[in-house]
Amino acid sequence: MRWAVVPTLAAVTVAAVATGGPATAQTQEGAAPYIPGRYTSQVLDWHLCAEGELPPSSREGVDELECASYRTPLDWNNPDERLDITIAVSRLPSTGATTDSLLINPGGPGAPGRTYAAKVYHRDRVREHHEVIGFDVRGTGGSDNVTCGGGVGTEFQFDMRNRSAGNLDAILDHVEGTVDNCHQLSGDFGPLVNQFQTTHDLNLLRVLLRRDKIDWLGFSAGTWLGAHFAQRFPEHVDKVVLDSVGDLTLNLHESWDQQPLGFERRWRTDFLPWLAKYHYQYGYGRTAEAARLTYEKVRAALAEEPVELGGLPLGPSQYDWDIDGGLYWKGYFADTADYMAAVKTLVDERSTAGEKAAARTAAEKVVAKRDRGPRGPRPLVAGDYPTAAYDDAYDASFWHYSCNDGPITGDRQSQIENSTQQGTRYPKIGWSWVALPCIFWNNRPAEQQELNGEGVPPVLMVQSERDPATPIEGARNAHKAFKGSRMVTITNDGNHGIYASDNTCANNVVEDYLVGGVVPQDRTCPGTPLPAP
């Protein structure tokens with residue numbers, strides 16, 4: 001089943017479950033005492049994914065994925081309650097004699113991951129020895145969902161750089177109202193969308209795959225999830241790859257404070273010089289500083305008068321958000337620059353009606369390629385939307401996983417002060433830190449385990465020097481803290497997500513490890529050049 005709204009546990013429709021089968025003992029500290037036999041006796045009904053069973057994807061190999069689902073306890077602290085949720089999974093079959101299961105996760109946190117199994121479609125060495133398992137973590141995708149009523153992302157209707165007391169209060173009131181919707185609409189399920197519960201969902205998946213040990217490939221926030229799984233069940237992991245590594249010495253929402261530095265560095269060191277190099281195509285200036293000043297002028301014009309884009313107003317903070325999404329991967333640079341050039345035309349009073357129409361079409365074409373989240377204001381009253389209108393599971397899961405992860409400190413005033421410090425030093429995204437949700441989170445955060453690598457087989461970390469979302473400073477902290485880990489550093493590069501892209505050196509190191517069991521020493525691989533438009 002799929003939950004769009006779960007007001008209370010009393011309203012949950014509980015799936016019928018079969019009984020029988022032995023309970024599986026768990027001995028790890030902090031683990032649930034056992035897995036009831038009615039869960040371990042399930043059989044994964046693999047079938048070629050039917051039309052409409054997966055979300056639309058242009059990723060090659062998606063049409064070869066197989067789908068299945070399984071039931072897992074709603075709450076692993078009370079696995080005998082017979083309240084179940086459904087987890088949706090996918091499989092990219094092995095091309096050879098399958099010897100291992102490789103679980104792959106795109107991060108988010110809370111991103112649906114079934115189509116992501118096709119990311120390694122062309123990695124022949126891995127596929128010869130692994131079935132690749134994708135999954136939608138609890139709360140998102142084809143698994144049972146949480147919702148925040150469509151409000152996540154709507155805070156960008158406000159200008160985050162406007163530091164007037166009235167604007168700051170309006171931003172914080174808006175975020176608090178959205179958090180209230182998260183709590184109200186996701187009900188008792190909401191607090192259980194966390195990494196503790198998800199690691200136990202995945203351990204059950206391991207049992208159903210009939211594997212004593214699994215391999216792991218996690219990107220971004222998937223490095224936290226993979227580290228938590230490995231730390232909780234070290235006897236059930238073999239090879240673990242953490243790509244674009246979060247700071248495992250912090251919880252998820254604490255690590256956000258590292259991002260303004262990462263994005264500012266990527267913006268100034270990589271993107272702006274690249275944009276200036278192609279001034280003849282984009283018209284933003286012939287130097288990095290000239291390009292930055294042009295961006296500031298466009299942003300200021302949007303602050304004075306938003307333009308219409310996709311039927312909604314495009315203001316300065318949404319403009320920032322769209323650009324920031326283009327900094328994750330160098331392959332996005334050209335589309336992002338096309339978008340910036342189009343918006344520049346839209347705010348230019350000298351542009352003709354025909355030029356603006358063409359620019360609007362070009363900008364909308366670019367943003368349509370990416371999931372840019374909800375835009376524009378939405379009602380904050382739950383009753384304003386029927387259940388069928390909610391389609392924000394990923395956005396809602398992002399907030400739930402982040403804010404359910406570890407103790408939360410701070411209040412409105414400290415958040416304003418932190419965002420002022422971040423914005424002053426790192427203006428590209430730092431001012432928007434005023435809109436973080438966790439200070440309003442009422443759920444009791446899940447108890448955290450220390451991620452120190454104790455008892456875990458050697459873990460391979462892969463990290464670029466100028467990653468914007470998981471900066472290298474945090475990755476180095478994780479490497480230092482996680483016993484026995486190895487790190488491959490990609491020099492002169494800023495891609496977020498390295499493996500299975502265009503870096504042959506990194507691909508070979510990862511596959512020597514995943515397939516051959518070769519644990520490297522710490523080393524570097526050179527980055528790949530920035531592309532021409």
Side-chain angles (χ1 to χ4, degrees), residues 23-35 40 76-77 79 99-105 107 109 130 133 135 137 194-219 221-252 254-255 405-406 445-463 470 474-488 509-510 512-522:
T24 302
Q26 299 293 340
T27 59
Q28 291 305 116
E29 181 180 356
Y34 68 97
I35 307 177
T40 61
W76 279 97
N77 288 309
T99 57
D100 295 291
S101 295
L102 175 66
L103 272 61
I104 187 169
N105 180 257
H130 294 81
I133 306 297
F135 52 93
V137 292
N194 60 53
Q195 296 193 88
F196 170 84
Q197 299 288 340
T198 297
T199 56
H200 287 283
D201 294 341
L202 296 177
N203 189 50
L204 173 57
L205 174 58
R206 175 196 62 79
V207 172
L208 300 180
L209 291 169
R210 306 296 185 251
R211 302 290 186 192
D212 182 55
K213 297 184 178 184
I214 56 94
D215 292 342
W216 179 271
L217 174 58
F219 296 81
T223 64
W224 270 282
L225 183 56
H228 274 283
F229 182 86
Q231 190 79 62
R232 184 159 283 120
F233 303 108
E235 75 278 22
H236 293 311
V237 294
D238 189 6
K239 278 94 66 179
V240 176
V241 178
L242 307 180
D243 189 319
S244 303
V245 187
D247 191 338
L248 304 180
T249 67
L250 303 173
N251 57 45
L252 279 168
E254 287 174 338
S255 73
D405 185 28
E447 185 175 346
Q448 298 300 300
Q449 60 180 345
E450 182 182 2
L451 299 178
N452 56 22
E454 193 70 40
V456 179
V459 165
L460 178 61
M461 300 180 174
V462 185
Q463 180 70 31
T470 52
R476 286 171 176 157
N477 290 341
H479 175 36
K480 183 178 179 180
F482 210 78
K483 183 178 180 180
S485 63
R486 308 290 198 271
M487 180 175 280
V488 179
V509 175
V510 169
D512 286 346
Y513 169 76
L514 280 177
V515 178
V518 178
V519 180
Q521 296 301 311
D522 287 357

Trainee: So which atom in A478 and which in V245 form the shortest heavy-atom distance, rounded to 0.1 Å?
Mentor: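 Smallest interatomic distance, heavy atoms only, reads CB-CG1, 3.9 Å.
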Trainee: For P520 and V509, which heavy atoms make the closest approach, and how far apart are they?
Mentor: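 Closest heavy-atom pair between P520 and V509: CG-CG1, 3.9 Å.
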Trainee: As a quick check of understanding, evaluate side chain to side chain contact (heavy atoms under 4.5 Å, CB included) for V510 and V488, giving each step before the final call.
Mentor: CA-CA 9 Å; V510 169; V488 179; over 6 Å; no
Trainee: Is there side-chain contact between L225 and W216, with heavy atoms separated by less than 4.5 Å?
Mentor: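 Yes; the side chains approach each other to less than 4.5 Å.
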Trainee: So, N251 versus D405: side-chain donor-acceptor pair below 3.5 Å or not?
Mentor: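 Side-chain D/A pair, N251 to D405: absent.
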Trainee: Taking C-beta and beyond as the side chain, do D201 and W76 meet within less than 4.5 Å on heavy atoms?
Mentor: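 Side-chain contact under 4.5 Å: yes.
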Trainee: Find the distance between CD1 (I104) and CG (D215) and round it off to the nearest 0.5 Å.
Mentor: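 Going from CD1 on I104 over to CG on D215, the span is 12.0 Å.
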Trainee: Does D243 use its side chain to pair, donor to acceptor, with the backbone of F219 at less than 3.5 Å?
Mentor: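 Such a contact is absent between D243 side chain and F219 backbone.
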Trainee: Can you name the nearest heavy-atom pair linking A221 to P109, along with the distance?
Mentor: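 Closest approach of A221 to P109: CB-N, 3.5 Å.
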Trainee: Would you say that F196 contacts R232 through its side chain, given a criterion of any heavy-atom pair below 4.5 Å between the two side chains?
Mentor: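 With C-beta onward as the side chain, the pair touches.
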Trainee: Between L242 and W224, is there a side-chain heavy-atom distance shorter than 4.5 Å?
Mentor: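 Heavy-atom side-chain distance check fails, nothing below 4.5 Å.
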Trainee: Please round to the nearest 0.5 Å and tell me the distance separating atom CD of Q231 and atom CD of E454.
Mentor: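 One finds 8.0 Å between CD of Q231 and CD of E454.
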Trainee: Which heavy atom of P457 sits nearest to which heavy atom of P234, and what is that distance?
Mentor: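 Smallest heavy-atom distance, with atoms named: CD-O, 3.9 Å.
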Trainee: Working to the nearest 0.5 Å, report the span between NE2 of H479 and CG of L460.
Mentor: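 Going from the NE2 atom of H479 to the CG atom of L460 covers 10.0 Å.
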Trainee: So, do T223 and T470 sit near enough that their side-chain heavy atoms are less than 4.5 Å apart?
Mentor: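 Heavy-atom side-chain distance check fails, nothing below 4.5 Å.
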Trainee: Taking D522 for the side chain and M487 for the main chain, is one N or O donor matched with an acceptor at less than 3.5 Å?
Mentor: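 Yes; judged by distance alone, with no hydrogens or angles, the pair exists.
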Trainee: Could you grab the distance from atom CG of L208 to atom CG of N203, nearest 0.5 Å is fine?
Mentor: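 Reported to 0.5 Å precision, the distance equals 10.0 Å.
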Trainee: Got L205 and I214 here, is their nearest side-chain heavy-atom distance under 4.5 Å?
Mentor: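 Side chain of L205 against side chain of I214, heavy atoms only: no contact under 4.5 Å found.
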Trainee: Output the distance between atom CZ (R476) and atom OG1 (T249), rounded to the nearest 0.5 Å.
Mentor: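 Rounded to the nearest 0.5 Å, the CZ-OG1 separation comes to 14.0 Å.
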Trainee: For V207, run the side-chain contact (heavy atoms from CB on, under 4.5 Å) check against L202, T40, D212 and tell me which one passes.
Mentor: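 Answer to the side-chain contact (heavy atoms from CB on, under 4.5 Å) test with V207 among L202, T40, D212: T40.
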Trainee: Kindly give the heavy-atom pair with the smallest separation between S101 and H130, and that separation in Å.
Mentor: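 Scanning both residues completely, I find the closest heavy atoms to be C-CD2, 4.3 Å.
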Trainee: Could you measure the distance from the CZ atom of F233 to the NE2 atom of H228? Nearest 0.5 Å is fine.
Mentor: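 Nearest 0.5 Å value for the CZ-NE2 distance: 12.5 Å.
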Trainee: Could you please spell out the steps behind the side chain to side chain contact (heavy atoms under 4.5 Å, CB included) verdict for K239 and L217?
Mentor: CA-CA 9 Å; K239 278 94 66 179; L217 174 58; over 6 Å; no
Trainee: Any non-hydrogen side-chain atom of M461 less than 4.5 Å from a side-chain atom of F482?
Mentor: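 Heavy-atom side-chain distance check passes, below 4.5 Å.
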Trainee: Is there side-chain contact between R211 and D100, with at least one heavy-atom pair below 4.5 Å?
Mentor: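 When only atoms from C-beta onward are counted, D100 and R211 do not touch, as no gap falls below 4.5 Å.
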Trainee: Of the non-hydrogen atoms in S255 and L250, which two are nearest, and what is the gap between them?
Mentor: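 In this case the closest contact between S255 and L250 is CA-CD1, 4.0 Å.
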